Amino acid sequence: MNTPDKYSEKHRVTYYEADFTRRMTLAMMLDIVILASEDQSEKLRVGSDTVKKLNMGWVVIQYSIDIQKMPRVNETITLVTESKYYNKFFAYREFWIKDDSGNTYVHMTSRWVVMDYKTRKMTKIPNEIVEPYRAEKVVNIPKLPRPVKIDESSEQVTSNQYRVRYLDIDSNQHVNNAHYLDWMVDVLSPEFLNTHTAKHIDLRYENEVKYGYDVNSKVSFAKNGNDLISKHEIYSNGKRSASANITW
């Protein structure tokens, strides 16, 4: 059995990655770990340019994120990642964000697929772009929790409308996955965000959002013991594009 290659790199938290509280934003948290995974891919010579030559691209479809503490401006953190499992259609990758002493701030698990650029649908993962990670080939990839959906018939729902900008689009020709979290968080009030910190996130992407689409971000709240949970859904082009549960 292969031992997956772990990759790590240092990162200094900048002011533009943080919010009013000087803590890194949730969206930036996703951006920096994806950067680490891309840097690992480049090191292994299976970076985005290599994958694009096959007319394909990696797409994340789900995250489960545990947050002990959010990094702050001017902190130097360590980003760690490994591609752990894969099968014909899915890959499973883990991420860690650690402080200088090796304490874990954030741990993420994620599920990925490869998208065919012509059909805009998932396709089989070519061996040549996954084998360099030394991930374990398995029959079944570990499942991640699915977010509980909003019940509009019984819950109070708040929503905001957005227009997808050119700068929201990434190299896969659809909205960068971190922007969904921006839309989800933006529908919450500044007073709430200044006094609450996310502890856990289950996030699932369902349909891609493209340039020029209108986006509707919805949220409702529920209690789970002492925890407050915000339930989020992103709708675009008549379809649910993403959903999330954030525990505060």
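For the single chain, residues carry numbers from 1 onward in sequence order. Note that the structure is a prediction, hence the values are computed from the model and not measured.
Across all their heavy atoms, Val60 and Ser110 have their closest contact at CG2-CB, 4.2 Å. Shortest non-hydrogen contact noted between Ser154 and Asp151 is OG-OD2, 3.0 Å. Here the shortest heavy-atom pairing between Pro71 and Val13 reads CB-CG2, 3.8 Å. Residues Ile125 and Ala91 share a closest heavy-atom pair of CD1-N, 4.1 Å. Minimum heavy-atom separation, Lys149 to Glu206: CE-OE2, 3.8 Å. When every heavy atom of Ile67 is checked against every heavy atom of Ile201, the shortest pair comes out as CD1-CD1, 4.1 Å.
The closest side-chain donor-acceptor pair between Tyr15 and Asn74, if any, does not fall under 3.5 angstrom. When only modelled atom types and interatomic distance are considered, Asn177 and His179 share no side-chain donor-acceptor pair under 3.5 Å. For the residue pair Ser217 and Tyr235, no side-chain donor N or O sits within less than 3.5 Å of a side-chain acceptor on the partner. Residues Thr78 and Lys10 have side chains that bring a donor and an acceptor to within less than 3.5 angstrom of each other. At a cut-off of 3.5 Å, with distance as the only test, no side-chain donor of Arg45 or Thr50 sits close to an acceptor on the other residue. Residues Ser37 and Arg93 bring no donor and acceptor atom of their side chains to less than 3.5 Å of each other. Using modelled atom types, one finds no donor on one side chain facing an acceptor on the other under 3.5 Å when comparing Glu208 with Ser241. Ser64 and Asp202 share a side-chain donor-acceptor pair at under 3.5 Å. A donor-acceptor contact closer than 3.5 angstrom links the side chains of Tyr162 and Asn160.
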Practice prompt. Determine, step by step, whether Tyr105 and Glu75 satisfy the side chain to side chain donor-acceptor pair (under 3.5 Å) criterion, reporting the C-alpha distance in whole Å, the side-chain angles of both residues, the deciding distance to 0.1 Å, and the verdict.
Written response: CA-CA 12 Å; Tyr105 278 178; Glu75 257 193 288; 2.6 Å; yes

Worksheet item: Which is it for Thr197 and Arg23 under the side chain to side chain contact (heavy atoms under 4.5 Å, CB included) test, yes or no, and what are the steps along the way?
Response: CA-CA 10 Å; Thr197 302; Arg23 294 176 299 196; 2.3 Å; yes

Practice prompt. Evaluate the criterion side chain to side chain contact (heavy atoms under 4.5 Å, CB included) for residue pair Asp168 and Asn176; output intermediate values, then yes/no.
Written response: CA-CA 6 Å; Asp168 294 327; Asn176 179 292; over 6 Å; no

Worksheet entry | Test log, rule ring-ring contact (aromatic ring centres under 6.0 Å, His included), inputs Tyr205 and Tyr180 | CA-CA 9 Å; Tyr205 302 98; Tyr180 292 83; 5.1 Å; yes

Fill in: side chain to side chain contact (heavy atoms under 4.5 Å, CB included) evaluation trace for Glu38 with Ile34
CA-CA 6 Å; Glu38 290 180 348; Ile34 294 300; 3.9 Å; yes

Discussion item. Set out, in order, the CA-CA distance, both residues' side-chain angles and the distance that settles side chain to side chain contact (heavy atoms under 4.5 Å, CB included) for Val80 and Phe95, then state yes or no.
Written reply: CA-CA 6 Å; Val80 183; Phe95 300 95; over 6 Å; no

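Under a 4.0 Å N-O distance rule, the pair Glu136/Lys84 does not qualify as a salt bridge. For the pair Arg134 and Asp5, the salt-bridge criterion is met [side-chain N within less than 4.0 Å of a carboxylate O]. Taking a cutoff of 4.0 Å between a charged side-chain nitrogen and a carboxylate oxygen, Lys231 and Glu155 qualify as a salt bridge. A salt bridge does not link Glu233 with Lys218: every distance from a Lys NZ or Arg NE/NH1/NH2 to an Asp or Glu carboxylate oxygen is 4.0 Å or more. Between Asp227 and Lys199, at least one side-chain nitrogen of the basic residue sits less than 4.0 Å from a carboxylate oxygen of the acidic one, meeting the salt-bridge criterion.
Among residues two or more places apart in sequence or in another chain, the ring-ring contact (aromatic ring centres under 6.0 Å, His included) test is passed with Phe192 by His196, Phe221, Trp248.
By the 4.5 Å heavy-atom criterion applied to side chains, Asp100 and Thr76 are counted as neighbours. Using a 4.5 Å heavy-atom cutoff, the side chains of Ile32 and Leu79 are in contact. Met108 places a side-chain heavy atom less than 4.5 Å from the side chain of Val33. Contact annotation: the side chain of Val106 never approaches that of Gln68 to less than 4.5 Å [non-hydrogen atoms, C-beta and beyond]. In this structure, the side chains of Tyr7 and Lys43 come closer than 4.5 Å at one or more pairs of heavy atoms. Contact annotation: the side chain of Arg163 never approaches that of Tyr211 to less than 4.5 Å [non-hydrogen atoms, C-beta and beyond]. At a threshold of 4.5 Å between non-hydrogen side-chain atoms, the residues Thr25 and Glu17 do not count as touching. Val215 places a side-chain heavy atom less than 4.5 Å from the side chain of Ile234.
Connection of Tyr166 to Ile169 is established within a shared hydrophobic cluster, with ILVMFWY side chains joined at heavy-atom distances below 4.5 Å, either directly or through further cluster members. Under the 4.5 Å side-chain heavy-atom criterion for Ile, Leu, Val, Met, Phe, Trp and Tyr, Leu35 and Tyr16 are members of distinct hydrophobic clusters. A single hydrophobic cluster is seen to contain both Trp183 and Leu167, as judged by linkage of ILVMFWY side chains at heavy-atom distances under 4.5 Å, directly or through other members. A single hydrophobic cluster is seen to contain both Ile97 and Leu26, as judged by linkage of ILVMFWY side chains at heavy-atom distances under 4.5 Å, directly or through other members.
Looking at Asn207, its side chain does come within 3.5 Å of a backbone N or O of Arg240 through a donor-acceptor pair. Side chain of Arg72 to backbone of Thr21: a donor-acceptor contact under 3.5 angstrom is found. Formation of a donor-acceptor pair under 3.5 Å by the Asn237 side chain with backbone atoms of Lys239 is not found in this model. In terms of modelled atom types and a separation under 3.5 Å, the side chain of Asn245 and the main chain of Val148 share a donor-acceptor contact. In this structure a side-chain-to-backbone donor-acceptor pair under 3.5 Å is present from His232 to Met184. Between the side chain of Arg146 and the main chain of Leu203, no donor-acceptor pair closer than 3.5 Å is present. Gln62 places a side-chain N or O within 3.5 Å of a backbone atom of Pro145 that can act as its donor or acceptor partner. Remark: side-chain polar atoms of His107 are not paired, donor with acceptor, to backbone N or O of Ile65 under 3.5 angstrom. Checking side-chain atoms of Asn194 against main-chain N and O of Pro190 turns up a donor-acceptor pair under 3.5 Å.
Taking OG of Ser220 as the start and CD1 of Ile229 as the end, the distance is 10.5 Å to the nearest 0.5 Å. The line from NZ of Lys137 to CG of Asn87 is 8.5 Å long, rounded to the nearest 0.5 Å. To the nearest 0.5 angstrom, Glu82 atom CD is 13.0 Å from Tyr133 atom OH. To the nearest 0.5 Å, atom CD of residue Glu152 and atom OG of residue Ser159 are 8.5 Å apart. Here the OG-NZ distance, from Ser236 to Lys210, works out to 11.0 Å after rounding to the nearest 0.5 Å. Between the CG atom of Asn226 and the OG1 atom of Thr247 there is a distance of 12.5 Å, given to the nearest 0.5 Å.
The aromatic rings of Tyr85 and Tyr92 are tilted relative to each other, their planes meeting at an angle between 30° and 60°.
A cation-pi arrangement, defined by a distance under 6.0 Å to the six-membered ring centre and an angle within 45 degrees of its axis, is absent between Lys52 and Tyr117. For the pair Arg111 and Phe90, the cation-pi test (distance below 6.0 Å, angle within 45°) is passed.
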